[in-house]
Enquirer: 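Starting off with a structure, shown below.
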Amino acid sequence: MALGDLMASRFSSQSPVAFVSNHYDHYPSSHEDDAIDVARRDDNNNSNNNRDRDSDTASTSNYGGGNATASTTATTTTSTAYLPQTVVLCELRHEAFEASVPTGPSDSGLVSKWRPKDRMKTGYVALVLCLNISVDPPDVIKISPCARMECWTDPLSMAPQKALETIGKNLSIQYERWQPKARYKVQLDPTVDEVKKLCNTCRKYAKSERVLFHYNGHGVPKPTANGEIWLFNKSYTQYIPLPVSDLDSWLRTPSIYVFDCSAAGMIVNAFLELHDWNASGSAGSTRDCILLAACEAHETLPQSDEFPADVFTSCLTTPIKMALKWFYRRSLLCDSLDYSLIDKIPGRQNDRKTLLGELNWIFTAVTDTIAWNVLPRDLFQKLFRQDLLVASLFRNFLLAERIMRSANCSPISHPMLPPTHQHHMWDAWDMAAEICLSQLPSLVEDPNAEFQPSPFFTEQLTAFEVWLDHGFEHKKPPEQLPIVLQVLLSQCHRFRALVLLGRFLDMGRWAVDLALSVGIFPYVLKLLQTTTPELRQILVFIWTKILALDKSCQVDLVKDGGHTYFIRFLDSLEAYPEQRAMAAFVLAVIVDGHRRGQEACIKAGLIHVCLKHLQGSVPNDTQTEPLFLQWLCLCLGKLWEDFTEAQILGLQADSPAIYAPLLLEPQPEVRASAAFALATLLDVGGDVCRDGATGDDEFDDDEKIRAEISIVRSLLSAVSDGSPLVRAEVAVALARFAFGHKQHLKSIAASYWKPQSNSLLSSLPSLAHIKATGSGHANPNQYVPHASIVSSQFGPLTRVGSDSPSVVRDGRASTSSPTTAGIMHGSPLSDDSSLHSDSGILNDIVSNGEVLHSRPKPLDNALYSQCVLAMCTLAKDPSPRIASLGRRVLSIIGIEQVVTKSVNSTGSSGPKTSSPSLAGLARSSSWLDMHAGHIPLTFRTPPVSPPRSSYLTGMRRVCSLEFRPHLMNSPDSGLADPLLASVGSSGGTERSLLPQSTIYNWSCGHFSKPLLTTPDDTEEILVRREEREKFALEHIAMSVSNLNNRIASWDTKFETGTKTALLQPFSPIVVAADENERIRVWNYEEATLLNGFDNHDFPDRGVSKLCLVNELDDSLLLVASCDGNIRIWKDYTVKGKQKLVTAFSSIQGHKPGVRSLNAVVDWQQQSGYLYASGEISSIMLWDLDKEQLIHSIPSSSDCSVSAMSASQVHGGQFTAGFVDGSVKLYDVRTPEMLVCATRPHTENVEKVVGIGFHPGLDPGKIVSASQAGDMKFLDMRNYRDPYLTIKAHRGSLTALAVHRHAPIIASGSAKQIIKLFSLNGEPLGSIRYHLTIMAQKIGPVSCLTFHPYQVLLAAGATDALFSIYADDNTQAR
């Protein structure tokens, strides 16, 4: 199948961005009638979301025609297992977001090895012929008949002098065929002086280029053992020796020597000794000197008349003629073909459509292939890719070795090559030669006869295709790769060769490296000049693969104008969006950090093309092309990055308005890429422009400020995005903004930090008297009331201070710089100088007493306030990596999240204090916590009394150097980052400390992976899933009896008892968590602890819920904290190997004044939805596939949600219980979402503690339990009132569990009892005591959970004992 077709079939079936989630969409399943009816009914209501995964999949799978329904009893409620097909959070971005920093295409390391180090050319060729025709040398005894031909000329057929000149001229012509641009100089029967002059002339004119020295010594004695070659005296009466040391000193390097004489190995040995070369090659040599010699030191040249006398030279300079003549004598054609016809082969060597051209083409392919498969890579590069003439000579040298070894003569070289004369590719050459020779008579006879091309290349491409079907990285590389290179030269084979090459490159980075090392690069670069439409897609694909490995190719592409090819392709509508995404990727790499590339692409109109397609993308259509949108954003972001001219063009084109809607796209990669593109439009050097009152003439400051406001507002909306990938880009963007506007942000931050001390002090009785430690003029009444500071998390903030620096309250300006600020104002750690008033703003606007009038008005103060709030939010992000980024952003505006320590104030009048012990670390918090109610400020202080050291932690205000010049030499410079302290105020160096975006590098990883084949583990995943579905169907519980068989019990070592737990469905594993967010994993059959880890470093209020995500596949552990933060872990059952997949805050916009969120969370695998609520007036609906908040459902109630359960049968349906005892049923697929509401718990108005759906397909049957101990059975869709009420406990009901399939309900009480009921309300038994000799009572029940399929009940209590119960029939597996 052609690569284009492969790509088409792949791209049309699914989007690469959301590939994994669709693995199981077509998995075979047979729906029972009731499931189908429900699915149909629910599909009719599905007006909000039409994804496959939202339709109900209450299905059973029949394998091998067997009946999946187990035997049922009277109490059976359902025979259906709910096996959702949805898989979430298994994309590239979830692999190791927290752990690793991705690397994009590189321009060093592995990638640099394929490029020839120094391209060279041979500029001068010296041909020295010592033939002395008609006089044989004294040490040669010739046979008769003897080889006589020199350069295909018989020297005895004409006068000696004329013959000598003819031979010299022919040799020059033969060499010119391989290097026509070199200068040639021939010396015939020369003297030593003539050779010296020749050599000096060559080096003079060649300069640093290579010189070739060809020596034919057929008319002089053999070289001597001392390494001397023979020349003549002027009268030709003596042979004069020339030491190779002299020759070497005249020619110097780089040089190549060809010695065609008997015992030529003597000269090679002399060279080796001269330069102390070892026999292994030139690795240790610094001299670039190449030697080719006709035979070993002890050998004489073949004299048989079937060879020419200069057989070595003939092989090197006329290989086709030599090869055919040699082959002719050994083939069956010698009987039927006239030998003389070989000299009449029609065509030209450089015309591949002629017989001679085709033979030359095949010969080049064969010899290249042999060399590439036999030589080490670096030697291949040096000999076959660095210099055209050297490459040709070494290809032909392989032929010389084959032919001359048949005459018992061994040509040698330096660097030495391994033997190649028996390589099997010579058989392919022989076959091609025979096929071509068989056509020779008819072609010579009729010049117009049509030449039939050889099947050689077609067959070799087929062999390559076979390798592609079965090969992989650790197999021997495909030996046909150099042939594929040659085939690219032919139009008739080119498309197929490119398709196969594309398939090969798709196998991985190793394949791209191999292809580049064989020399593919100049060929595919040249092909960008073609206009053939069918090659466009495959060429874009090949360049995508090359640039995913090696960024350095950007220079070559721009130099050759290749960027225009990709811009045209990007703008074409015929290609698939995913293929155009590849073009956008190529362009992004071209402009990545490459100013010439940026300038060239701007000139070619790339900004207009990208914005046009971004603007033209209809929201409904983008579902099919997220990769395209993603790379359009990244491409423009890279184009604008650190390039002011491009940024201005982008702002003039109104790009912020085009990008803003992309921050709401369903794919996190698109949202993150859009945030990246917006961030690169922010001018990092903003402050410099403002302070110097210099702006760009083309784009005035007002327009720029308006654009920046628009960008920042868009980015602030994404601060609470569900994907860390997006939040990371927002943090990087805010860092850029903070850097450009740090003066104004610092003043805003300072104004809000100052009231902190008084509000805090008045709220802490134990520290109340610290107020008096000031100098007496820190009046609390001068501060703005707390309520006006923060109205909501992102609401407008009341400004503190005044625009005019001359307005000073209390008629006093503070002259001292703050040493410690934030919540430490007024603490015993500081003196009165740090209790500064609002006039502290003066320090921000007045630098060293001089008012900076040149700075234009800043952006809207409310916007700056929102930015500071957003930065604080990011600094407390549940993802450690985002929190770290957030803290770096805050450090730019002078705020640091630290454990406060004592600082000796400069100029202090009070007593010095010593550094405090840091024994009581608390979770870092900020002024925002206490006023906005986001996360409560917690203190863990030892019982100490003032004025001893404070143990408070928090955000502190850190003044930068320009605010406190007289503290430059103090030990603590107060800078948030020691690096910043060291660079002072040098803008350029500080800029390099800004956090860097990672979305581009993450996204590049997509193109490094195979794009044309599905992952190898797909089959394995399907097999495992099938096994688990079988297990689920076989073990599904249909009937139950009393659960009095305790199969496991152990001490969890949790200090505060177990808060929540879950049982894994397919292995005997239980996961439990406590109030301190410590998570432990046990194997309950073997009674072993598998793993234990902290959910995060600063546990707040405990874990609210544990859920299993993707339970039928590689399951992930969803941990919901009581503060609403969600963290999802993988590999959590392996000791120390747990990895954080993603983390986000699920609850936003909480009620004012609320200290504790008490988050309530549930997960619905079928729909991929997470439902979250708590002390807020709405229920948040998160789509974990999109990692996006898709609905905020008003709970229409003054009281908050206290319990929640998502249906495991009907996607999008969930029920919530409230603090006032009311119960509501929601279906997010309906427009109004709320299906019905009732208030069943009216007798004792207590909050709903537990709620759950009945097992089975009925969408409205619910069990609700209140704290008062009553359990209500409701049919919400049909009746408002409960149809059954059970007084399960007399108050103190703490936990409720409803089995997913079996008709059993469990409730637990703080009064140390667990009760079991059937769905009809019948008591099935109770559990009061541990099965020990002492019959110890169980502890107050804190959590209950059932196994998803089997009847197993896990119970946790406040006394740290944890037990698992089964019915009498169940044995531990």
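Computed from a predicted model, the values in this text were never measured in an experiment.
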Enquirer: For a 4.5 angstrom cut-off between non-hydrogen side-chain atoms, does S1202 reach V1219?
Expert: yes
Enquirer: For the atom pair CG (L1117) and CH2 (W1129), what is the distance rounded to the nearest 0.5 Å?
Expert: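 Reported to 0.5 Å precision, the distance equals 9.5 Å.
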Enquirer: Establish, yes or no, whether the cationic atom of R1300 lies under 6.0 Å from the six-membered ring centre of Y1349 and within 45° of the ring axis.
Expert: yes
Enquirer: With a 4.5 Å heavy-atom cut-off, do S1307 and M1271 have their side chains touching?
Expert: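 Of all side-chain heavy-atom pairs linking M1271 with S1307, at least one is under 4.5 Å.
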Enquirer: Decide yes or no on salt bridge (charged side-chain N to carboxylate O under 4.0 Å, His left out) for D1114 and K1130, but give the supporting numbers first.
Expert: CA-CA 8 Å; D1114 283 333; K1130 71 175 185 177; over 6 Å; no
Enquirer: Does any N or O in the side chain of S1146 come within less than 3.5 Å of the main-chain N or O of N1125, such that one atom is a donor and the other an acceptor?
Expert: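 Absent.
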Enquirer: Under 3.5 Å, is there a donor-acceptor pair between the side chain of S1292 and the main chain of S1309?
Expert: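 No; judged by distance alone, with no hydrogens or angles, the pair does not exist.
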Enquirer: I want to check something: taking the side chain as every heavy atom from C-beta on, are M1276 and V1235 in contact at a cut-off of under 4.5 Å?
Expert: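 Answer no - side chains too far apart.
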Enquirer: Hey, could you give me the OG/CD1 distance between S1173 and I1147, rounded to the nearest 0.5 Å?
Expert: 6.0 Å
Enquirer: Going by the ring-ring contact (aromatic ring centres under 6.0 Å, His included) test, which pairs reach into residues 1225-1252, not counting sequence neighbours?
Expert: F1214-Y1226
Enquirer: Go through the steps to decide whether S1178 and S1192 satisfy the test side chain to side chain donor-acceptor pair (under 3.5 Å), and finish with yes or no.
Expert: CA-CA 6 Å; S1178 57; S1192 180; 3.3 Å; yes
Enquirer: R727 side chain to I882 main-chain N or O, any donor-acceptor pair under 3.5 Å?
Expert: no
Enquirer: Show, in sequence, the C-alpha distance, side-chain angles and deciding distance for R1024 and D1113, and conclude whether the salt bridge (charged side-chain N to carboxylate O under 4.0 Å, His left out) test is met.
Expert: CA-CA 7 Å; R1024 183 172 66 238; D1113 302 278; 5.5 Å; no
Enquirer: Please report the shortest heavy-atom distance between P1282 and K1272, naming the atom on each side.
Expert: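 Residues P1282 and K1272, closest heavy atoms: CG-CD, 3.8 Å.
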Enquirer: So, do V1249 and L1296 sit near enough that their side-chain heavy atoms are less than 4.5 Å apart?
Expert: no
Enquirer: Among V1298, T1215, V1209, whose side chain to side chain contact (heavy atoms under 4.5 Å, CB included) with F1253 holds?
Expert: T1215
Enquirer: How close do V726 and A672 get, counting heavy atoms only, and between which atoms?
Expert: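 Where V726 meets A672 most closely, the heavy atoms are CG2-N, 3.7 Å.
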Enquirer: Counting distance only, does the side-chain N/O of Q1188 pair as donor-acceptor with the main-chain N or O of E665 below 3.5 Å?
Expert: yes
Enquirer: What is the distance from atom CG of L1189 to atom CH2 of W1182, rounded to the nearest 0.5 Å?
Expert: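 Reported value, rounded in 0.5 Å steps: 4.5 Å.
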Enquirer: If you apply the rule side chain to side chain donor-acceptor pair (under 3.5 Å), what do you find for Q1165 with N1110, and how did you get there?
Expert: CA-CA 7 Å; Q1165 182 75 43; N1110 303 341; 3.1 Å; yes
Enquirer: I'd like to know whether Y1132 forms a side chain to side chain donor-acceptor pair (under 3.5 Å) with S1115, so could you lay out the CA-CA distance, the side-chain angles of the two residues, the decisive distance to 0.1 Å, and finally the verdict.
Expert: CA-CA 9 Å; Y1132 55 92; S1115 61; 3.0 Å; yes
Enquirer: How are the rings of H1035 and F1031 set relative to one another: parallel (under 30°), tilted (30 to 60°) or perpendicular (over 60°)?
Expert: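 Correct class here is parallel.
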Enquirer: Between E669 and P626 (side chain of the first, backbone of the second, donor and acceptor by atom type, cut-off under 3.5 Å), is there such a pair?
Expert: no
Enquirer: Return the CD1 to CG distance between I1021 and L1112, rounded to the nearest 0.5 Å.
Expert: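 Answer for the CD1-CG pair, I1021 versus L1112, is 13.0 Å.
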Enquirer: Between I1262 and L1225, which heavy-atom pair has the shortest distance, and what is it?
Expert: CD1-CD1, 4.0 Å
Enquirer: I need the minimum non-hydrogen distance between C1343 and T1058, along with the two atoms involved.
Expert: SG-CG2, 3.8 Å
Enquirer: Parallel, tilted or perpendicular: which fits the ring planes of H1254 and F1273, with parallel below 30° and perpendicular above 60°?
Expert: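 Rings of H1254 and F1273: perpendicular, over 60°.
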Enquirer: Going from CE on M1180 to OG on S720, what distance comes out if it is rounded to the nearest 0.5 angstrom?
Expert: 9.0 Å
Enquirer: Would you indicate whether the side-chain heavy atoms of S1121 and E1077 approach each other to under 4.5 Å?
Expert: yes
Enquirer: Under 3.5 Å, is there a donor-acceptor pair between the side chain of H1289 and the main chain of T1294?
Expert: no
Enquirer: Which heavy atom in L1274 sits nearest to a heavy atom in D1281, and how many Å separate them?
Expert: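 Shortest heavy-atom separation between L1274 and D1281 comes out as CD2-C, 4.2 Å.
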Enquirer: Nearest 0.5 Å please: distance from the CD atom of E1322 over to the CD1 atom of I1304.
Expert: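 If I round to the nearest 0.5 Å, the distance is 12.0 Å.
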Enquirer: Do the side chain of S1104 and the main chain of A1159 share a donor and acceptor less than 3.5 angstrom apart?
Expert: yes
Enquirer: Go through the steps to decide whether K1030 and E1034 satisfy the test salt bridge (charged side-chain N to carboxylate O under 4.0 Å, His left out), and finish with yes or no.
Expert: CA-CA 6 Å; K1030 276 184 180 177; E1034 288 165 5; over 6 Å; no
Enquirer: Is there a side-chain contact between F1144 and S879, using heavy atoms and a 4.5 Å cut-off?
Expert: no
Enquirer: Could you walk me through whether K1247 and D1220 pass the salt bridge (charged side-chain N to carboxylate O under 4.0 Å, His left out) check?
Expert: CA-CA 5 Å; K1247 69 175 181 181; D1220 65 354; over 6 Å; no
Enquirer: Are the side chain of H1299 and the backbone of H1301 linked by a donor-acceptor contact shorter than 3.5 Å?
Expert: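 Indeed, once roles are kept as given, a pair shorter than 3.5 Å links the two residues.
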Enquirer: Answer yes or no: is there a side-chain heavy-atom contact under 4.5 Å between I1128 and L1184?
Expert: yes
Enquirer: P1323 and F1317: which non-hydrogen atoms are nearest, and at how many Å?
Expert: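 Looks like CA-CD2, 3.8 Å.
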Enquirer: Taking Q1267 for the side chain and V1248 for the main chain, is one N or O donor matched with an acceptor at less than 3.5 Å?
Expert: no
Enquirer: Taking the side chain from S1266 and the backbone from A1268, do they hold a donor-acceptor pair closer than 3.5 Å?
Expert: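 Looks like yes, one N/O pair under 3.5 Å.
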Enquirer: Decide yes or no for V1201 and I1176: does some side-chain heavy atom of the first lie under 4.5 Å from some side-chain heavy atom of the second?
Expert: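 Counting from C-beta outward, V1201 and I1176 never come under 4.5 Å.
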